[in-house]
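Below, chain A is the first sequence line, B the second, and so on; all start at residue 1. Please read these numbers as outputs of a predicted model, since none were measured by experiment. Just so it is clear, the values below take in all heavy atoms, side chains as well, and ignore hydrogens, waters and symmetry mates.
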Amino acid sequence: MTAKINFIPIDYDYFDYEGKNYAKIIGRTDTGKRACVIDTTEAYFWAILKKNLNDKQIKKLQNRIEAINITNRVRTSKILRAEVHEKKFLGRDVKVLKIFVTNSKDMYDIAHEINFKEIEKKRELDINFITRYIIERKLNPLNWYEITGDILNNSTEFGGIDSSVDVDICINADKIILLNKDLKFKPKILAYDIETDEFEIGKGEILMISLYGENFKKVLTWKKSSKKDFVENYKSEEEIISKFCEYVRKYNPDILAGYFSDGFDLPYLRARAEKNRIKLNLGLDNSQPIFSKGNLRTGKIRGIVHIDLLRFIRNAYSQYLQSETLSLNEVSKELLEEEKLDFDFDPFNTEKKDIDWDKFYEYNLKDSELTYKLIEKIWIDIEEITKIIKEPLFKVSRSTMASNFEDYVIHNLEQFNEIAEKEPMPEDIARRRERKKYEGAFVLQPIPGLYENVGFFDFSSMYGSVIVSYNLSLSTCSKDEIKNSYVSYYQDKKIYFTKTPGFIPLLLGNIIELRRKAKEEYNQNQNNAILKARSNAFKLIINAAYGYQGFFGARYYCIEAASSAAYFARENIKKAIKSFEKDGFTLIYSDTDSIAVKLDNKSEEQALNTLKRINKNLPGIMELDLDGFFKRGIWVTKRTGEFGAKKKYALIDEKNKIRIRGFETVRRDWCVLTRNTQNKILEFILKEGNEKNALAYLKDIIKKVKKREIPLKELIIKTQLKKSLEEYKSEGPHVTIAKKMKEMGLPVKAGMLIEYYITESKDKKARVRDRALLPNEPGNYDIDYYLKNQILPAVENIFEVLNVNIEEIIDNKKQKSLGDY
DNA sequence: ATATACACGGATCCCCTATTTCC
DNA sequence: GGAAATAGGGGATCCGTGTA
């Protein structure tokens, strides 16, 4: 029976039938039904031919290749045909054979058999079937299509696939047409979270599982029974796992979301299901989650997109956040203004005595609720990035932005008739990783001082615009001289970039233009959240382009392009600085793409005129923007030496809005006391232009420190454990504390924030690490340490700008107070 | 394996020299 | 008096965390 449906693709999978690959795409219809679209495309790769082969030679080669077939344990794979094409590879014209094979999985094996001297390179073997399918059939994720085809209903086609997948409609696609109107789509999301009595995967038991969706709240437990309406009591761990699967099926979500669920919840569930000898059959085809190998485990559920929200936030979203950690609690606080519930479950309380289970259940549910609300909030961003990149949601939500950038390039090569470069081999990666660092950004050493009337300017998407303007990429780069080209240096050797536009600079130029348009449209219609998300998504991709070309894992790795981007950026910012100076502005500071000048007796208008002139002379699409005018700004000296410190300054604008960069205030490895004190002092000085109140405030803080009036929580120092304990060559205080925690039986893992405070010691020579205690260990905080190693270093340089010596103040007071004892 | 370089600053490490301790 | 242990200074290195 032929039918027509409106369809939005959400999850992509593929299967083999009679030795051939088929795509199986799960999505929704415009009536909210779950649909499965079966479709196919031919698998192929390219053989790039050596130059100067004549037609006869190529024909002969074609015949030899077409005769190849291989048989492995599973199936016989054949080469269907080999077509001659004119293509481009890295911008150069090449003659190629497009080699079609019966099964994508056997491409490497077949390519291995093709070892003829006429062939220079084989490419696109590493384009997976789903990516190939999306490119060929243009069925892009999260767009609406009209699909025409045969409905499969208890059909024997494809081995009866329609009855093995739990969907409302299964259709064998014949015609796919992109709809020109956007139908409404809101994914059905279910969030989940588990609580266990051991942290190690599968070691302990799952105490409870919470689920949260629209009008759907549940906590499944086999522990103490509860009368709470959302709690369901069962007899065993086995039962709650089964029930979990059942509820997921019943709720029928497009997305199952967790927080760190790739690394914890899903593998834990899988491990416990195995232990209980039951199936964790979450997939629409009743399959169990599939976990990828390797360091960063991912858990895939067939037909339902499993999203680990933490991964997306870490890779893409974190740059919009202020949070110091990406814990569910902190991110929720910032984005939702909601927090986790306060509940301290002690996993060492093996008897499980005195546990307030009702509170525990509420806590568990709240975690799912927060996860649900978070993904609802940032769905629009995930959606826009996915639509732009065109890879499946499952992948995009987990990829780093560099990898997303690469996927964007691959999905857009067709318009340049380009064949994709291959992924680097391990030996390429090893070589690339060994390379020396290249010179990076220009940072001007500031002269310390408190400045009035500061003009701040910055280049918009500087590295991106440099790559486009100077055509920097692998395919446009040459070590041999090119006449009339862009010339830079890499390791003292000249590098040339042709002016014939390369596909990466062209693509990047397009994205920058698309972003400009989206931003402009948004500015005219600030209620349109989609435009904002789109503009942000483009920005993220633009910013990844520079790092991508210098990233050892990139297909289009080009260290010369990366280093040249830094080179041309330096050239241009130095030129812009000269222009400001020529017009009589005193330079205060500059870092990479930003310039701060002193207006002195000049007007803002005069500064803007200089800006206009600079922009007239900038190459290509480069552009310097006004960031803002500030009524005051402070730059300080380094702790060692009397030079101005780079990457450390604070500004205040006319509306008393303060911007602090680099100071201890914004660093999480300083205690709250120090950070707050410095923040206050900067605020006083910036607002008032003198040190009077700042000094009074500081004196009061010092007094409080000496009287031990500072609460412990303000004295806690937090440092992240970046690697496992054994790897440390130098044992800092946080390492000592981490070792202690491990001895106590607490979980200690790389990535954890270690908390401690510093106490007094009779031994004058005791190291800081020997005086560090865990926050819950009683002790007297070391007044001297907090004054001299925390407060003093944070405020000394600020007061020095105003010629006040703080060391004396701290010392004098100390002598006085010693007399008090 | 999971973008780049530049930069700050605390704490430790490590070497050197001076001083103290011990026989 | 001389060898060994210890103290202390200072630069190098490690480490974590920022800016861009």
Engineer: Give a yes-or-no answer on whether the side chains of A:Y756 and A:T719 include a donor-acceptor pair shorter than 3.5 Å.
Structural biologist: yes
Engineer: Given axes from five pairs at either end, by how many degrees does the helix from B:dT4-C:dA20 to B:dC23-C:dG1 bend, rounded to 10°?
Structural biologist: 10°
Engineer: With sequence neighbours left out, write down each residue that passes side chain to side chain contact (heavy atoms under 4.5 Å, CB included) with A:K713, or none if nothing qualifies.
Structural biologist: none
Engineer: Between the base of C:dT17 and the side chain of A:R667, is there a donor and acceptor pair under 3.5 angstrom?
Structural biologist: yes
Engineer: Taking the six-membered ring of A:F394, is NZ or CZ of A:K300 closer than 6.0 Å to its centre and within 45° of its axis?
Structural biologist: yes
Engineer: Can you confirm whether the side chains of A:T736 and A:E731 place a donor and an acceptor under 3.5 Å from each other?
Structural biologist: yes
Engineer: List in numerical order all residues of residues 567-580 of chain A for which some heavy atom is under 4.0 Å away from an atom belonging to DNA chain B.
Structural biologist: none
Engineer: Using only heavy-atom distances, determine whether the side chains of A:T476 and A:S473 contain a donor-acceptor pair under 3.5 Å.
Structural biologist: yes
Engineer: Between the side chains of A:N128 and A:T131, does any donor sit under 3.5 Å from an acceptor?
Structural biologist: yes
Engineer: For a quick check of understanding: with a heavy-atom distance under 4.0 Å over all strands, which category does A:Y649 fall into, base, sugar-phosphate or nothing?
Structural biologist: sugar-phosphate
Engineer: Please give me every residue in residues 550-566 of chain A whose heavy atoms get under 4.0 Å of an atom in DNA chain C, ordered by residue number.
Structural biologist: none
Engineer: Within this structure, what is the CD1-to-C1' distance between A:I595 and C:dT19, rounded to whole angstrom?
Structural biologist: 16 Å
Engineer: Side chains of A:K493 and A:Q491 only: does a donor on one sit below 3.5 Å from an acceptor on the other?
Structural biologist: no
Engineer: Report the distance from atom CG of A:N543 to atom C1' of C:dT19, rounded to the nearest whole Å.
Structural biologist: 14 Å
Engineer: Can you say whether the rings of A:Y649 and A:W635 are parallel (under 30°), tilted (30 to 60°) or perpendicular (over 60°)?
Structural biologist: parallel
Engineer: Nearest 0.5 angstrom please: A:I758 CD1 to A:D784 CG, how far?
Structural biologist: 12.5 Å
Engineer: Taking any heavy-atom pair under 4.0 Å as a contact, classify A:S403: base, sugar-phosphate, or nothing.
Structural biologist: nothing
Engineer: Contact class for A:Y589 (heavy atom, under 4.0 Å): base, sugar-phosphate, or nothing?
Structural biologist: nothing
Engineer: Can you pull the side chain to side chain donor-acceptor pair (under 3.5 Å) pairs that have at least one residue in residues 455-470 of chain A, sequence neighbours excluded?
Structural biologist: A:Y470-A:N572
Engineer: Taking the side chain as every heavy atom from C-beta outward, state whether A:E421 and A:Y557 have any atom pair closer than 4.5 Å.
Structural biologist: no
Engineer: Tell me which pairs pass salt bridge (charged side-chain N to carboxylate O under 4.0 Å, His left out) where either residue lies in residues 551-565 of chain A, with sequence neighbours left out.
Structural biologist: A:D126-A:R555, A:E406-A:R555, A:E423-A:R555, A:K479-A:E560
Engineer: Are there more than 12 heavy atoms of other residues, nucleotides or ligands under 6.0 Å from atom CD of A:Q322?
Structural biologist: no
Engineer: How would you label the contact of A:F442 with the nucleic acid (heavy atoms, under 4.0 Å): base, sugar-phosphate, or nothing?
Structural biologist: nothing
Engineer: Residues from residues 423-437 of chain A sitting under 4.0 Å of DNA chain B, heavy atoms only?
Structural biologist: A:R433, A:R435, A:K437
Engineer: So, taking the atom named CG in A:L686 and the one named NZ in A:K657, what distance separates them when rounded to the nearest 0.5 Å?
Structural biologist: 14.0 Å
Engineer: Could you list the residues that satisfy side chain to side chain contact (heavy atoms under 4.5 Å, CB included) with A:N780, not counting sequence neighbours?
Structural biologist: A:R708, A:E760
Engineer: If the condition is side chain to side chain contact (heavy atoms under 4.5 Å, CB included), which residues does A:S535 pass it with, not counting sequence neighbours?
Structural biologist: A:R515, A:A518, A:K519
Engineer: Can you tell me how far P in B:dT2 sits from the matching atom in C:dG16, rounded to whole Å?
Structural biologist: 16 Å
Engineer: What pairs of residues pass the salt bridge (charged side-chain N to carboxylate O under 4.0 Å, His left out) test when at least one of them lies in residues 433-449 of chain A, not counting sequence neighbours?
Structural biologist: A:E439-A:R570
Engineer: A:N315 near the nucleic acid: base, sugar-phosphate alone, or nothing, with a heavy-atom cut-off under 4.0 Å?
Structural biologist: nothing
Engineer: Of all nucleotides in DNA chain B with an atom under 4.0 Å from a non-hydrogen atom of chain A, which is the first and which the last going 5' to 3'?
Structural biologist: B:dA1 to B:dC13
Engineer: Pick base, sugar-phosphate or nothing for A:G547, based on heavy-atom distances below 4.0 Å to the nucleic acid.
Structural biologist: base
Engineer: Please verify the inter-ring angle class for A:F264 with A:F260; under 30° counts as parallel, over 60° as perpendicular, anything in between as tilted.
Structural biologist: parallel
Engineer: Could you state the atom-to-atom distance from CD of A:Q678 to C1' of C:dG18 in whole Å?
Structural biologist: 13 Å
Engineer: Atom CD in A:E800, atom CZ in A:R639: separation rounded to 0.5 Å?
Structural biologist: 10.0 Å
Engineer: With the sugar-phosphate defined as primed atoms, P, OP1 and OP2, and the base as all remaining atoms, what B/S/- string results for nucleotides 7-15 of chain C, 5' to 3', for protein heavy atoms under 4.0 Å?
Structural biologist: S------SS
Engineer: Please state how far atom OH in A:Y756 lies from atom P in C:dG16, giving the value in whole angstrom units.
Structural biologist: 10 Å
Engineer: With sugar-phosphate meaning primed atoms plus P, OP1 and OP2, does A:A441 contact a base, only sugar-phosphate, or nothing at under 4.0 Å between heavy atoms?
Structural biologist: sugar-phosphate
